[in-house]
Structures are given as structure tokens and as C-alpha cells.
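Below is one structure, written out as C-alpha cells, with a few remarks after it.
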Amino acid sequence: RPPRSTLFPYTTLFRSLSDAVQQIQNAAKEASNGSWLKDYLMPIGTLLLSAAIAYFSAKSGYKWQDKFLTNKLKIDTINKTFLGFQNVQGTLLSLKENYASEPLSAHPLQRIAAMPQMIYSFTPLTINYEHLLQLIMTDDENLQGNPWVHIASYISIQDQFNQLDRIIQERNSFDFQVKDNLARKFNRKYFTFQEVLQNVDAIEMHKYVELTESIINMIDNLTISVDDFLRTFPRLANEIMGGNKSKHYKMIQGYKNDSENVKKLQERTTPLDLEYTEQLLNVPKEEIQKRLCDHSFTIQTKVAEPQKTS
């Protein structure tokens, strides 16, 4: 017979198989006695329901947050744009007060004499067009006639105002040059119109008048346009925002400035005497009117005419 040592592996194998079969039988018995609905389906269903609730809650919260941030951005844009234009108005009025605190003459030389070298603090107008477009784009046909729902109006104001600073700086430099030459020649600071005419050549005189009148006309156009914006834009912004205004995030609601001095400065300056300027510069008055007295860049909201009743 075989040695006893060779029977040990077979005995161990048979016992292991017997134990495995017994475990399978026990598991089958427990499964047959258990509840599939309670032990398997309900946990899976609970998990899926929890996932669905979490998904829709997150989606709803994201929409609310996105709407809140969008409205906050719009209100920020409204406030920043309004304050930027208000700063422009302050600069324009302080500049105009240098030469138009009293009614300005129509005579070109008197207008040159009335405008001193202007020292002022200039802050360029900056507009965030990307954010502003999101605010003013509207399908409301009743608002389409308002110039402040069109981005071109803002571009025009920004370009004019920032260009105004360069023209003023150029005139300041030219004014100093002309007066310095006259002072050296006559050994005094003040001169008669006749002395100016005799000692300033035609090219210099043309430049002197052109720079002076460009400044006067640009400040008039901008002053009227900016005042129209300040009085119109808050109401327009409220109409566009509708019921989306935040109770806790404030938006500028209106503008009012009834100062008599401000009202006077916001009026257009006395027109230039075109006939005398034509003789002075030897340029047709139609050309002078076109180049130095152009009011077409003024932006104003048209007031709706009342409907006639039959």
C-alpha cells in the first residue's frame, strides 16, 4: 500500500471542497430567506433619489447664483458709467468757466483773449464696452429711439472728450509761444488787437482761431450731450433692469442739478461772427461753419411729441 504521507494532499482537498459546498448552500439558504426589495432595491433606489435631488439642487443654485452675479454686474456697470459721465461733466464745466463765466463775445480775437492757458486735472473717460453692451442691448422697440441704448453714442462721447484734452494742451503751448514772442517784442504782458494783428502772421492766426473755436465748440457739444445722458440714463437703466434690481445692491436712481451757474454754463456759447472771421482768415464762411461750428456731434434724446386728439 502507498505510504501514509501520500494520502495527506487528497484528504485536505476533499475537506476543502466539502467546506466550499457547505458555504454555497448556506448563502443560497440565506438569500432564499431574505427580502430582495428590502436588502437590494431600496438601497439602490435611495441612492439614485439622493443623487437626483443633489443634481437638481445644484442646478437651481447655479441658476440663481448666475442670475445674481449677472444683475450685480449690470448694476455695477450702470453706477460706474454714470459716475464716469458725472466726472466728465465736472471737468467740462470747470473748463468752460475759464472763458464763459460772462457772456462770450462773437468776435474771434476777443474769444482768443478770453480763453487763458487752462490748468486742470484731466481723467480720461474709460468705458467697459463689453459689460455696457450686455446692459443696453434690448428688444424693446419703445427704447430704440433713445440714443443711449446704442453703443455708438458712448464711443462718440469718449473719443470727443479724450481728444479735447490733446487740443487744449496744444492750444496752451501755442498760446504761450505767441504771447511770449509778443512780450519779448513789446516788453509787456498785454497787447492791443491791432498789435496782435500786425505781429501774428496769417498761418499763426488761422491756427489760433481754429484751436480756440474747436475747444469752445467741443465743450459746448459735450456739455449738452453729457447733461442729456445724466438726466436720461437712470430712468433708461431702470426700464431695462425691470424687476431684476437687487434689494441689497443699490443702483443710481436719478440726477438733479438746479444750480443757476451750472444752467448758465450748459447753454451753448454765443455763436462766432462768421463774416468777420471770413475776412480775418480769408476762408469762406461756409467752410468755417463746417469746421469750427459743427453741432452734429451733439447727442440729445428726442422728446416724444404729444399725440394730437381729433
Side-chain angles (χ1 to χ4, degrees), residues 51-94 120-166 218 221-258 262 266 297-304:
I53 292 173
Y55 169 77
F56 287 110
S57 297
K59 185 176 181 181
S60 176
Y62 174 78
K63 285 184 177 180
W64 179 87
Q65 184 182 35
D66 182 60
K67 182 179 180 180
F68 174 80
L69 293 176
T70 300
N71 289 337
K72 180 180 179 296
L73 180 63
K74 288 182 177 180
I75 293 173
D76 273 340
T77 302
I78 291 168
N79 292 340
K80 289 178 181 178
T81 305
F82 186 89
L83 293 174
F85 272 69
Q86 203 163 34
N87 180 67
V88 168
Q89 184 193 51
T91 301
L92 293 171
L93 294 179
S94 65
Y120 63 102
S121 176
F122 180 81
T123 303
L125 176 62
T126 56
I127 298 174
N128 190 321
Y129 291 114
E130 180 183 354
H131 293 167
L132 186 61
L133 270 171
Q134 298 303 316
L135 171 69
I136 63 176
M137 291 180 67
T138 175
D139 296 328
D140 190 339
E141 295 182 358
N142 296 324
L143 298 178
Q144 292 305 311
N146 190 308
W148 303 113
V149 298
H150 303 289
I151 202 68
S153 299
Y154 299 88
I155 295 174
S156 175
I157 295 296
Q158 184 181 47
D159 288 348
Q160 288 182 70
F161 182 69
N162 294 341
Q163 183 184 11
L164 175 64
D165 176 58
R166 295 190 291 271
M218 287 183 73
N221 290 343
L222 283 167
T223 300
I224 294 170
S225 300
V226 170
D227 181 67
D228 184 84
F229 170 86
L230 293 175
R231 295 183 184 279
T232 304
F233 186 71
R235 176 183 54 80
L236 174 67
N238 271 282
E239 289 186 30
I240 292 176
M241 290 296 292
N244 294 323
K245 296 185 288 293
S246 171
K247 295 180 180 178
H248 308 289
Y249 206 74
K250 303 302 180 183
M251 184 177 77
I252 292 173
Q253 297 297 313
Y255 164 82
K256 185 177 182 181
N257 192 335
D258 292 331
V262 169
Q266 286 174 341
F297 290 99
T298 306
I299 301 172
Q300 285 184 285
T301 305
K302 294 181 180 179
V303 179

- Validation row: L132, N128 side chains within 4.5 angstrom (heavy atoms): no
- Please name the pair of heavy atoms, one in L92 and one in L164, separated by the smallest distance, quoted to 0.1 Å. CD2-CD2, 3.8 Å
- Task: Count the heavy atoms of every other residue, nucleotide or ligand shown that sit under 6.0 Å from OH of Y129, and state whether that count exceeds 12.
- Result: yes
- Any donor-acceptor pair under 3.5 Å from D228 side chain to T301 backbone: yes
- Message: Quick one, T81 and H131 - any side-chain contact, counting heavy atoms below 4.5 Å?
- Response: no
- Query: Which heavy atom in S225 sits nearest to a heavy atom in W148, and how many Å separate them?
  - Reply: O-CZ2, 3.5 Å
- Query: Backbone N or O of V149 within a donor-acceptor pair of the S153 side chain at under 3.5 Å?
  - Reply: no
- Task: Find the distance between CD1 (I78) and CE (M241) and round it off to the nearest 0.5 Å.
- Result: 5.5 Å
- Could you tell me which residues satisfy ring pair (Phe, Tyr, Trp, His ring centres under 6.0 Å) with F233, sequence neighbours excluded, listed by chain and number? F229
- Query: CG/L135 to CG/L236 distance, rounded to the nearest 0.5 angstrom?
  - Reply: 7.5 Å
- Message: Please enumerate all residues that pass side-chain hydrogen bond (donor to acceptor under 3.5 Å, both in side chains) together with T298, with sequence neighbours excluded.
- Response: N221, R268
- Task: State whether R231 and D227 are salt-bridged, where the test is any N-O pair (Lys NZ or Arg NE/NH1/NH2 against Asp/Glu carboxylate O) under 4.0 Å.
- Result: yes
- Applying side-chain contact (heavy atoms from CB on, under 4.5 Å), run through T123 and T91 and close with a yes or a no. CA-CA 9 Å; T123 303; T91 301; over 6 Å; no
- Value rounded to 0.5 Å, distance of CG in N79 from CD in Q86: 11.0 Å
- Task: Please report the closest heavy-atom contact between P147 and I299, naming both atoms and the distance.
- Result: CB-CG2, 3.6 Å
- Item | From CD (Q266) to CG (N257), nearest 0.5 Å | 7.0 Å
- Query: With sequence neighbours left out, what residues match F122 under ring pair (Phe, Tyr, Trp, His ring centres under 6.0 Å)?
  - Reply: F161
- Side chains of Y154 and L125: closer than 4.5 Å at any heavy-atom pair? no
- Closest heavy-atom contact between T126 and Q158? CA-NE2, 3.4 Å
- Task: Determine the minimum heavy-atom distance between Q134 and K74, stating which atoms define it.
- Result: O-CE, 3.7 Å
- Note on the structure: Nearest heavy-atom contact between I240 and I136 is CD1-CA, 4.1 Å
- Query: Does G90 offer a backbone N or O that forms a donor-acceptor pair with the side chain of S94 under 3.5 Å?
  - Reply: yes
- How long is the span from the CZ atom in F85 to the CD1 atom in I127, to the nearest 0.5 Å? 4.5 Å
- Message: Quick one, L93 and V262 - any side-chain contact, counting heavy atoms below 4.5 Å?
- Response: yes
